[in-house]
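Heads up, the thing below is written out as structure tokens.
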Amino acid sequence: MLVRSPGDPFLLYALAQEQAKAGNHAQAVLAYDRCLAADPTYYYAYYHKARSQEELGDAAGLIATLDAGIAASRGKDAKAHAELLAYRDMV
């Protein structure tokens with residue numbers, strides 16, 4: 001499906017989720033980046049990208065991702081915004 005629709009944010013998010021589930025966090029981060037490049041309003045991609053970065057021990061990347069997601073979701077998606085803020089408060 002990605003061959004036919006390489007910029008589909010849903011497919012890219014699904015690919016990232018599968019990579020993360022399989023423990024391939026570096027590949028997951030790349031897929032989340034592709035998802036967010038295709039659609040910066042895919043707010044949960046920020047959250048899950050940060051989780052993969054946490055698994056990789058990338059503290060600076062984790063914080064940058066959460067901050068970007070918080071800024072992107074502010075005033076647009078209250079639930080995603082609150083979850084990103086809560087995660088940011090924990091790190």
Atom pairs and distances, side-chain donor-acceptor, residues 11-24, under 3.5 Å, sequence neighbours left out:
from : atom 1 : to  : atom 2 : distance (Å)
Q17  : OE1    : Y32 : OH     : 2.3
Q19  : OE1    : N24 : ND2    : 3.1

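There is a path of hydrophobic side-chain contacts, each under 4.5 Å, that joins L36 to Y47.
Side chains of S73 and Y44 form no contact here, defined as non-hydrogen atoms less than 4.5 Å apart. Residues Y87 and L85 are not in side-chain contact: their nearest non-hydrogen atoms beyond the backbone lie 4.5 Å or more apart.
The nearest pair of heavy atoms linking S52 to A28 is OG-CB, 3.7 Å. Considering every non-hydrogen atom in both Y46 and L84, the closest pair reads CB-CD2, 4.1 Å.
We find that E83 and K79 are joined by a salt bridge, their nearest charged nitrogen and carboxylate oxygen being less than 4.0 Å apart.
T65 pairs in a side-chain hydrogen bond (donor to acceptor under 3.5 Å, both in side chains) with only one of the listed residues (E54, R88, Q53), which is Q53.
With rounding to the nearest 0.5 Å, the separation of CZ in R51 from CG in L56 is 13.0 Å. Here the OH-NE2 distance, from Y43 to H48, works out to 15.5 Å after rounding to the nearest 0.5 Å.
Under the ring-ring contact (aromatic ring centres under 6.0 Å, His included) criterion, no residue pair touches residues 54-85, with sequence neighbours excluded.
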